[in-house]
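Reading through the structure tokens given below for one structure.
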Amino acid sequence: MSTALLADDEPHLVTHLAQRLARLWPELGIVATTGNGLEALERIQALRPDMAFLDIRMPGLSGLEVAARLTVPCRLVFVTAYDQFAVQAFEREAVDYLLKPVTDERLGRTLARLRGSEAAPLPETLLASLRDLLRAAPGAPGPLRWIKAQAGQAIRLLGVDEICYFQASEKYTTVVTRDAELLIRTSIKELAEQLDPAQFWQIHRSTLVNVRQIAAARHDAMGRLALQLKHRPETLPVSRTFAHLFRQM
Amino acid sequence: MNDHPPEPAPWRRNQGPRIWIYLYLGVATGNALIGLLLTVVGFGGSSLGRNVIYSECIGLTICSLIHLVFAFTDRGNWLRPLLSLAAAALGGLIGQVLGNLITHSNTHLLSGPFLKTEFIGLFFGGIGTIGFFIRERTWDLEAELKAREVLQLEAEKRGVEAQLKMLQAQIEPHFLFNTLANLAGLIESNPKLARHLLEALNRYLRASLLRTRAEGGTLGDELDLLEAYLEVFKIRLGPRLDYTISAAPPLRALPFPPMLLQPLVENAIRHGIEPQVAGGRVRITATRDGGALELTVRDTGCGLGETPGSGLGLDNVRARMAALFGDSGTLEIAQPADGGVQASLRLPA
């Protein structure tokens with residue numbers, strides 16, 4: 001008798017899939033149902049079902065991560081509501097998948113294929129590219145847009161647009177906004193690498209300034225260049241190395 | 001334009017020849033009038049011709065020198081007025097030498113008439129300096145006004161873009177298909193719950209479509225919409241989600257932009273509750289503090305990830321806040337010590 005495991009974090013979907021499998025493939029034994037990826041992995045390893053229906057987005061581990069970590073043979077069917085990139089990859093690699101809401105017709109076709117087919121591990125390249133796709137899906141990785149800073153007991157998330165400048169101070173970096181100064185551990189050098197270089201200019205070994213917050217660049221009587229800011233009273237010295245940034249256009 | 005620091009003093013900027021022609025023609029006319037005036041009051045007993053020639057020589061020299069001073073010193077430099085007066089004195093000297101050369105006369109430098117002329121030069125040089133200051137201030141104000149207009153246009157543009165994104169986001173495909181999948185299952189196994197889910201989905205879709213198309217709307221409308229949204233998730237996630245919404249009735253009557261709070265609640269579910277095996281609670285509270293309406297979405301989910309970045313829709317919320325309320329609206333995201341995430345919107349009310 002064939003056996004299967006079902007994993008989806010939405011309980012009604014698991015129940016419903018179990019009911020339909022019972023109707024369409026009565027001999028199939030459902031050995032476990034679970035709502036998270038960690039448990040799914042552990043159960044598959046322990047119970048060794050012939051097949052597993054894995055939701056892609058699950059807490060703990062995603063369905064793809066479960067697939068990548070499996071060390072026992074198991075025929076996998078991915079279930080997804082709308083991960084169009086993953087679906088394209090599944091199509092290309094002839095991997096079984098189901099789209100929610102699952103129709104009886106589509107489920108029947110998948111089951112027909114599963115009957116009497118051998119479990120084969122998924123190609124590692126496919127899993128790797130799928131994981132990348134899913135991680136990147138909401139928005140391509142780009143420059144840092146948020147800074148996490150300790151504020152009392154809480155951690156504040158600051159949008160980079162809010163930040164006037166970063167100033168290195170001994171062990172920490174001070175994040176200066178219009179009305180607050182917060183400390184973070186990331187160094188100026190690391191920040192300069194991660195932030196959008198068109199928005200944040202390094203003007204000094206220890207200073208990274210938000211270009212949109214600059215009001216004016218001025219020479220003092222001694223010929224040193226300093227920046228005035230739109231929303232801060234203090235001025236920021238520009239070291240000679242970076243003075244070229246403010247030469248006239 | 002916005003990404004570059006402001007330009008240097010306009011006195012050095014190439015703004016086309018016309019403005020400089022006007023400036024120097026104006027000064028030349030002024031000089032002629034001064035020459036005429038001096039003749040009328042009988043200054044030095046000279047002829048009108050000589051007085052005008054000296055006036056022009058001195059006045060144009062002083063003006064050029066002050067121009068140089070303004071071009072090569074920055075605004076706010078305390079040396080500027082002093083240098084301008086020095087330029088007037090030097091201009092008076094050079095101008096008189098020039099006048100001597102042109103009229104083939106020989107007014108002795110440091111003689112009485114020379115010093116008197118020098119004094120007149122300093123006087124008008126002072127007036128000229130004030131003129132230069134005023135002109136510069138006007139330029140600065142014009143530039144500031146223009147910069148502000150550009151900023152405002154940009155904010156408006158971002159506001160429209162954000163609105164577009166909001167329209168696209170209101171029916172997120174994952175949300176819709178997962179909810180439909182739940183409905184398909186529940187219709188067979190639990191028709192009563194299926195009807196309840198369908199009603200909540202219907203309320204959410206209808207409210208979000210109406211809210212985004214109609215102008216106006218109140219906080220109560222937005223909270224009703226969110227109640228429907230959270231109810232859908234409550235049914236889908238079962239015991240993994242709890243939620244509360246609390247707002248005093250007078251606050252619910254306040255006007256509120258459509259779908260402004262929704263992305264914060266969506267984040268709480270998607271990035272807080274759903275990725276956490278045990279689930280959690282979402283609490284929405286509205287409070288009024290003086291002239292500000294504060295809305296807080298607090299979850300007990302898994303907190304901020306290691307790389308909070310794009311994809312949270314917060315940029316969009318921030319852009320809409322900026323377009324709607326300028327500086328008086330703020331969005332703050334914090335990770336409280338006892339876990340989860342707290343997002344707070346403050347807006348004038």
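So that the names make sense, note that chain A is the first sequence line, chain B the second, and so on, each numbered from 1.
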Worksheet entry | Ring centroid separation F53(A) to F78(A) under 6.0 Å | no

Worksheet item: Is a salt bridge present between K100(A) and D55(A), judged by a nitrogen-to-oxygen distance below 4.0 Å?
Response: yes

Worksheet entry | chain A contacts, top residue of A147(B), A337(B), A322(B) (heavy-atom pairs, under 4.5 Å) | A337(B)

Item to complete: Against chain A, work out which of L79(B), T179(B), I235(B), L331(B) has the most heavy-atom pairs shorter than 4.5 Å and name it.
Response: I235(B)

Fill in: Most contacts with chain A, counted as non-hydrogen pairs under 4.5 angstrom, among A278(B), A184(B), P239(B), A343(B)
A184(B)

Practice prompt. Identify which part of Q276(B) has an atom lying under 4.5 Å from any heavy atom of chain A, answering side chain, backbone, both or neither.
Written response: backbone

Worksheet entry | When P275(B), G238(B), A334(B), G279(B) are compared by non-hydrogen pairs under 4.5 Å with chain A, the top option | A334(B)

Worksheet item: Is any side-chain N of the basic residue among D289(B) and R346(B) closer than 4.0 Å to the acidic one's carboxylate O?
Response: yes

Worksheet item: How are the rings of H244(A) and F242(A) set relative to one another: parallel (under 30°), tilted (30 to 60°) or perpendicular (over 60°)?
Response: tilted

Worksheet item: Would E10(A) and R57(A) pass as an ion pair if we require N to O under 4.0 Å?
Response: no

Worksheet item: Between R318(B) and chain A, which part of the residue has a heavy atom less than 4.5 Å away: side chain, backbone, both or neither?
Response: side chain

Item to complete: State whether R80(B) and E136(B) are salt-bridged, where the test is any N-O pair (Lys NZ or Arg NE/NH1/NH2 against Asp/Glu carboxylate O) under 4.0 Å.
Response: yes

Discussion item. Report, in residue-number order, which members of residues 187-200 of chain B are under 4.5 Å from chain A by heavy-atom distance.
Written reply: E188(B), S189(B), L193(B)

Worksheet item: Tell me, side chain or backbone of L180(B) under 4.5 Å from chain A's heavy atoms, or both, or neither?
Response: both

Response to the item:
Under 4.5 Å to a heavy atom of chain B? For Q19(A) that would be side chain

Worksheet item: With distance as the sole criterion, is a donor-acceptor pair present between the side chains of E266(B) and Q262(B) under 3.5 Å?
Response: yes

Worksheet item: Looking at L17(A), L13(A), D8(A), L158(A), which one has more heavy-atom pairs under 4.5 Å with chain B than the rest?
Response: L13(A)

Discussion item. Closer than 4.0 angstrom, basic N to acidic O: yes or no for R109(A) and E105(A)?
Written reply: yes

Fill in: Region of R20(A) that comes under 4.5 Å of a non-hydrogen atom in chain B
neither

Worksheet item: Does the distance from a Lys or Arg side-chain N to an Asp or Glu carboxylate O, for R156(A) and E332(B), drop under 4.0 Å?
Response: yes

Worksheet entry | salt_bridge(D299(B), R270(B)) N-O dist < 4.0 Å | no

Worksheet item: Below 4.0 angstrom, N of the basic side chain to O of the carboxylate: do R212(A) and D161(A) qualify?
Response: yes

Item to complete: Select one option (side chain, backbone, both, neither) describing which atoms of D9(A) are under 4.5 Å from chain B's heavy atoms.
Response: both

Fill in: chain B contact via E39(A) - side chain, backbone, both or neither, heavy atoms under 4.5 Å
neither

Item to complete: Just give me the residue among D327(B), L176(B), V341(B) that pairs up with chain A most often, heavy atom to heavy atom, under 4.5 Å.
Response: D327(B)

Response to the item:
S328(B) meets the side-chain hydrogen bond (donor to acceptor under 3.5 Å, both in side chains) criterion, sequence neighbours left out, with none

